Structure formats: C-alpha cells, structure tokens
*Asks:* 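Can you keep this structure in mind? I'll have questions shortly.
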Amino acid sequence: MSTTEEKPTTSEPRKTPIEAPTPESKPEPRPELTPDQQTKYTTLLEKAKSFTDIKCTTTNKDKDKQDKSGPITEHERAWLTRECILRYLRATNWTVKESEQRLLDTLAWRREYGIDDFTPEYISPEQETGKQIIVGFDKQGRPCQYLNPGRQNTDSSPRQIHHLFYMVERVTDMMPAGVEKLNLMINFKPSKQRQNTSVPVSTAREVLHILQSHYPERLGKALIINVPWIVWGFFKIIKPFMHPVTREKLKFNEDMTQFVPSSQLWSSDWNGDMDFDYDHSIYWPALNDMCRRRRDEKMARWKAAGSQIGESEDYLAGGTDVSVTGFKYLGPEADGHGSEVDVVQEKLAGTTLENGEQGVAA
C-alpha cells in the first residue's frame, strides 16, 4: 500500500506546534547528587511536605485586593516536584532555609499573580499576530519559545506580561521527560507596523525579576538575532540587573543551527528548514489543546501514584512508569480490580502519606 498520500506536501507551511524533539536530540544528563546535596534535598522535601497554608501578602496599594491566603491546594502540592525542589536548591547554592522561603514566596506569587487563572480567551488578543510562538525543540530537547517584538499588536499593559508568563507555563507543559529548561528565541527585526522593537526598561526589569525569582534554573539559552543599535543600548542598560549565569546564556547573531536542529528551526530569519506560518485560528487552539492534554495526563499520573510532594517530573511526563515511591503506572485503562495499581496504592495509603492524610490530597 502506498503511503505517498499520507505525507504532507512540502509546499504547505506548518501551522501547529511540534509534539516532540528529533530522535537525535538528547537531554543534558543531570548530575548525581553528592551525599551533602542529597541530605539537603531530603531536609527540604520534609519541610515542603509540612506546608499546610500559603500566606499571601498585600501592600498598601493592594489593600483593596482579595487576600488569597489559605490551605495549600492539590495543584500546588503537585507543583512541588522533586526537580522543582532541586531547582530552588541550586538557585540558592544549596541553602535549605533560603530555598524553603523562596518556594513559599513563589507559591504565594503564583496565587497573587493568578498565573493558573489566565485563560486562552484572556490571553488571545495578545497572541493574534504570533508575537510569541512555541514551536520546535533544540538539540537537548528543550522547547523553543520565539519572541517577535516586531509583531507587537497591543499597547503596554499588565496583560502583555501576563501573556509572556502564560506562554512560559505552556513551554513547561511541552517539556519532554528529562528536560527542565527552555530556549528563548528573540528576533528584534522591525516590521512595517513596528520599527522600534526595544522593550521599556521598567518592563524588562519586572520580567527579569519574575524569571529569576519564580522560574529559577529554567532558562537554557536565549538566542537573539537582528539586534539594532537601540536594542544593544537596552541590553547594556539591563545587563547589571541580570544574574551572571543568565548573562552567560545569551547568544547574539550566531549560527543557530549549532543549537537547534535545522528541521525544527524556523526558516523565517533563523536559517532553519522549518517553514512555519502563524495562523491564530489554527495555532492557538492546537497549542492549548496539546498543553491541556499533557497537564491532565501528568495530574492523572500524580494522583495514581498517591499525590506525593516530591514526585518525579520524569514519571509525570511519561519518561518512566515508576514513581519516586516505586509505584508502577499501568495507564488510565487500568480497571483497579486486583491490579498492581491497587496493590501499590494500598501500600502508599498506609506508609507514604503524612499528617494522617489518606488517599488523594484535597
């Protein structure tokens, strides 16, 4: 049987996200923890398991806002993965007390900022021109998030920054097992609609603060092209506010095929082989449906393994079917009658949940 008709025609540009990296793309290996680092991780894990309430703070200018303090939620517990805890430890040079406070600060920020409440419909007006696009993966399997300031279509507002971090959250949804970082791909090429593609310094400082405070150890590289003199000046101004490690990740006007496979690198300005054309009516629902499906799958696996704080992101992403507790996931089709799922869950209910909690956390 011929498979010719099953292949997409080469003349039609891609209009949807890419599901996975190339087979040749390999995640960077994680370093083994030293005995001291393992001890510090175990200590912080136990502290994280004892989180019961998230305390949000309001300033005088925010006193009219609703206090969002309250008990830790199921999704917040699921967010506290093994790798998440380790990212905060690395970001604080393995200082347990500081890491604990930063985890609590981020949980509070996520509530106050409303990061999990932004809907595709709310963000959609910012996205209509494709000024941000998630498509393709680099040679280490990290998703690529393209920023196209020349496609800016709205006036400065909080929603512009909400848009950026909504997309960062979608990038994390797209990360394959073994991958914890993303690539920012920034093209400062002007357009007929927008000649000045620089960003206000105040906005850049806010974005950098959020990235460094609440998304530690998430940036793989920032690959930047078509940098005009005014933007070079902007980078000179903003550079002192960047962490030294962050500054080392910036790459300007290089041959980007050394970082991203040509087949998954955008042809437009980036010299890749991927012919991509942004069509909001096609791309936006496709991206959100793909990410929603992946979040649902991760939550199903998290609940099946006993709703553990400190669960493995590799297990949640499907890189392994064995959780940190030794639970083996048999898939959503398992009916639970005498299955391995039930046997292990019964053991987990009696041995791994703390503070008298039983089953799935509320």
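These figures come from a predicted structure and were not determined experimentally. When a residue number appears, it is its place in the shown sequence, counting from 1.
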*Asks:* Name all residues meeting the ring-ring contact (aromatic ring centres under 6.0 Å, His included) criterion together with H163; count only those two or more places apart in sequence or in a different chain, and write none if there are none.
*Replies:* none

*Asks:* Taking side-chain contact (heavy atoms from CB on, under 4.5 Å) as the test, write out the residues that go with R90, two or more places apart.
*Replies:*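 For R90, the residues satisfying side-chain contact (heavy atoms from CB on, under 4.5 Å) (neighbours in sequence not counted) are L86, R87, W94, E180, E217.
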
*Asks:* If you measure from OH on Y329 to OG on S323, what distance do you get to the nearest 0.5 Å?
*Replies:* 12.0 Å

*Asks:* Just so I know, are the side chains of S213 and D105 near enough to count as touching, which here means a heavy-atom distance under 4.5 Å?
*Replies:* no

*Asks:* Does some side-chain heavy atom of L107 sit less than 4.5 Å from a side-chain heavy atom of W79?
*Replies:* yes

*Asks:* Can you tell me how far the CE atom of M175 sits from the CG atom of L316, to the nearest 0.5 Å?
*Replies:* 14.0 Å

*Asks:* Tell me if a side-chain donor or acceptor on D279 pairs with a main-chain N or O of S281 at a distance below 3.5 Å.
*Replies:* yes

*Asks:* Going by heavy atoms in the side chains, are K131 and T154 under 4.5 Å from each other?
*Replies:* yes

*Asks:* Under a plain distance cut-off of 3.5 Å, with no hydrogens placed, do Q152 and Q160 share a side-chain donor-acceptor pair?
*Replies:* yes

*Asks:* Name all residues meeting the side-chain hydrogen bond (donor to acceptor under 3.5 Å, both in side chains) criterion together with S69; count only those two or more places apart in sequence or in a different chain, and write none if there are none.
*Replies:*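 Once residues adjacent in sequence are excluded, the partners of S69 under the side-chain hydrogen bond (donor to acceptor under 3.5 Å, both in side chains) criterion are D67.
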
*Asks:* Could you state the interatomic distance from NZ (K68) to SG (C56), rounded to the nearest 0.5 Å?
*Replies:* 8.0 Å

*Asks:* Please identify each residue that fulfils side-chain hydrogen bond (donor to acceptor under 3.5 Å, both in side chains) with Y88, with sequence neighbours left out.
*Replies:*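 Once residues adjacent in sequence are excluded, the partners of Y88 under the side-chain hydrogen bond (donor to acceptor under 3.5 Å, both in side chains) criterion are T106.
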
*Asks:* Starting at CG of L80, measure out to NZ of K49 and round the result to the nearest 0.5 Å.
*Replies:* 11.5 Å

*Asks:* Using only atom types and a distance under 3.5 Å, with no angle test, would you say the side chain of R294 pairs donor to acceptor with the backbone of M174?
*Replies:*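 Such a contact is found between R294 side chain and M174 backbone.
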
*Asks:* Work out which heavy atom in L45 is nearest to a heavy atom in I309; give both atom names and the distance.
*Replies:*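 Reported closest heavy-atom pair: CD1-O, 3.7 Å.
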
*Asks:* Could you grab the distance from atom SG of C144 to atom CD1 of I18, nearest 0.5 Å is fine?
*Replies:* 8.5 Å

*Asks:* side-chain hydrogen bond (donor to acceptor under 3.5 Å, both in side chains) with D36: which residues, sequence neighbours excluded?
*Replies:*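 Testing D36 for side-chain hydrogen bond (donor to acceptor under 3.5 Å, both in side chains), a comparison that skips the adjacent residues, returns K40.
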
*Asks:* What pairs with Y146 under ring-ring contact (aromatic ring centres under 6.0 Å, His included), at least two apart in sequence or on another chain?
*Replies:*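 For Y146 the ring-ring contact (aromatic ring centres under 6.0 Å, His included) partners, ignoring immediate neighbours, are W266, W270.
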
*Asks:* Can you list the residues that meet the side-chain contact (heavy atoms from CB on, under 4.5 Å) rule with Q38, with sequence neighbours excluded?
*Replies:*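 Scan of Q38 (side-chain contact (heavy atoms from CB on, under 4.5 Å), adjacent residues dropped) gives L33, Y41, T42, R82.
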
*Asks:* Going by atom types alone, do N226 and N187 pair a side-chain donor with an acceptor below 3.5 Å?
*Replies:*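 There is such a pair (donor and acceptor under 3.5 Å, judged by atom type) between the side chains of N226 and N187.
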
*Asks:* Given the rule that I, L, V, M, F, W and Y join up when any side-chain heavy atoms are under 4.5 Å apart, are M274 and I225 in one cluster?
*Replies:* yes

*Asks:* Which atom names give the shortest non-hydrogen contact between L103 and C84, and what distance separates them?
*Replies:*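 Shortest heavy-atom separation between L103 and C84 comes out as CD2-SG, 4.1 Å.
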
*Asks:* Would a 4.5 Å heavy-atom cut-off, applied to side chains only, mark R295 and K298 as touching?
*Replies:*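 They are not in contact (no side-chain heavy atoms under 4.5 Å apart), so the answer is no.
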
*Asks:* Only one of T43, N93, T92 forms a side chain to side chain donor-acceptor pair (under 3.5 Å) with S99, so which one is it?
*Replies:*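 With S99 as partner, side chain to side chain donor-acceptor pair (under 3.5 Å) holds for just one option, T92.
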
*Asks:* Shortest non-hydrogen contact from P27 to A177?
*Replies:* CG-O, 4.1 Å

*Asks:* Just so I know, are the side chains of R301 and E311 near enough to count as touching, which here means a heavy-atom distance under 4.5 Å?
*Replies:*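 A side-chain contact under 4.5 Å is absent here.
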
*Asks:* Has the side chain of Q37 got a donor or acceptor atom that lies under 3.5 Å from a matching backbone atom of T34?
*Replies:*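 Yes; judged by distance alone, with no hydrogens or angles, the pair exists.
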
*Asks:* Table please: side-chain donor-acceptor pairs of residues 115-122 below 3.5 Å, with sequence neighbours left out.
*Replies:*
{"from": "D116", "atom 1": "OD1", "to": "R110", "atom 2": "NH2", "distance (Å)": "3.1"}
{"from": "T119", "atom 1": "OG1", "to": "Y122", "atom 2": "N", "distance (Å)": "3.0"}
{"from": "Y122", "atom 1": "OH", "to": "H162", "atom 2": "ND1", "distance (Å)": "2.7"}

*Asks:* Would the distance check show the side chain of D314 and the main-chain N or O of G178 forming a donor-acceptor pair, the cut-off being under 3.5 Å?
*Replies:*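 Yes, the answer is positive, given that a donor and an acceptor are paired below the 3.5 Å cut-off.
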
*Asks:* Checking K251 now: which residues fulfil side-chain contact (heavy atoms from CB on, under 4.5 Å) with it, not counting sequence neighbours?
*Replies:* K221, L223, E254, F259

*Asks:* So, Q132 and Y278: side-chain donor and acceptor under 3.5 Å apart, yes or no?
*Replies:* no

*Asks:* With heavy-atom distances below 4.5 Å as the criterion, would you say the side chains of Q145 and L164 are in contact?
*Replies:* yes

*Asks:* Keeping the roles fixed (side chain from K139, backbone from T22), state whether a donor-acceptor pair exists under 3.5 Å.
*Replies:* no

*Asks:* Might you point out which heavy atoms bring R111 and P71 nearest each other, and give the distance in Å?
*Replies:*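 Taking every non-hydrogen atom into account, NH2-O, 2.6 Å.
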
*Asks:* Where is the tightest heavy-atom contact between Q308 and T325, given as atom of each residue plus distance?
*Replies:*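 The pair with the smallest heavy-atom distance is CG-CG2, 4.1 Å.
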
*Asks:* Given side chains that start at C-beta, do those of I134 and P17 come closer than 4.5 Å, heavy atoms only?
*Replies:*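 Not touching, per the 4.5 Å side-chain cut-off.
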
*Asks:* Hey, does Q140 have a side-chain heavy atom less than 4.5 Å from the side chain of V179?
*Replies:* no

*Asks:* Identify, with sequence neighbours excluded, every residue that meets side-chain contact (heavy atoms from CB on, under 4.5 Å) alongside T16.
*Replies:* R14, I282, A286

*Asks:* Return the set of residues passing ring-ring contact (aromatic ring centres under 6.0 Å, His included) with Y166 (not counting sequence neighbours), or none when no residue passes.
*Replies:* W284

*Asks:* Without swapping roles, check the side chain of S25 against the backbone of D138 for a donor-acceptor pair under 3.5 Å.
*Replies:*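 Judged by distance alone, yes, a pair lies under 3.5 Å.
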
*Asks:* Rounded to the nearest 0.5 Å, what's the gap from CZ on R292 to CG on L287? Could you check?
*Replies:*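 The CG atom of L287 is 10.0 Å from CZ of R292, to the nearest 0.5 Å.
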
*Asks:* Judged by atom type as modelled, is there a donor-acceptor pair below 3.5 Å linking the side chain of R142 to the main-chain atoms of K181?
*Replies:* no

*Asks:* Could you tell me which residues satisfy side-chain hydrogen bond (donor to acceptor under 3.5 Å, both in side chains) with E297, sequence neighbours excluded, listed by chain and number?
*Replies:*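 Scan of E297 (side-chain hydrogen bond (donor to acceptor under 3.5 Å, both in side chains), adjacent residues dropped) gives none.
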
*Asks:* Applying the side chain to side chain contact (heavy atoms under 4.5 Å, CB included) criterion to R170, which one of D173, T172, V168 satisfies it?
*Replies:* D173

*Asks:* Counting only heavy atoms not in E32, do more than 12 fall under 6.0 Å of its CD?
*Replies:*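 No, not enclosed.
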
*Asks:* Given M256, which partner from the list D269, L265, N183 fulfils the side chain to side chain contact (heavy atoms under 4.5 Å, CB included) test?
*Replies:* L265

*Asks:* Would you say NE2 of H280 has more than 12 non-hydrogen atoms from neighbouring residues, nucleotides or ligands within 6.0 angstrom?
*Replies:* yes

*Asks:* What pair of heavy atoms forms the shortest contact from D275 to S267, and how long is it?
*Replies:*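 What the structure gives for the nearest pair is CA-OG, 3.6 Å.
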
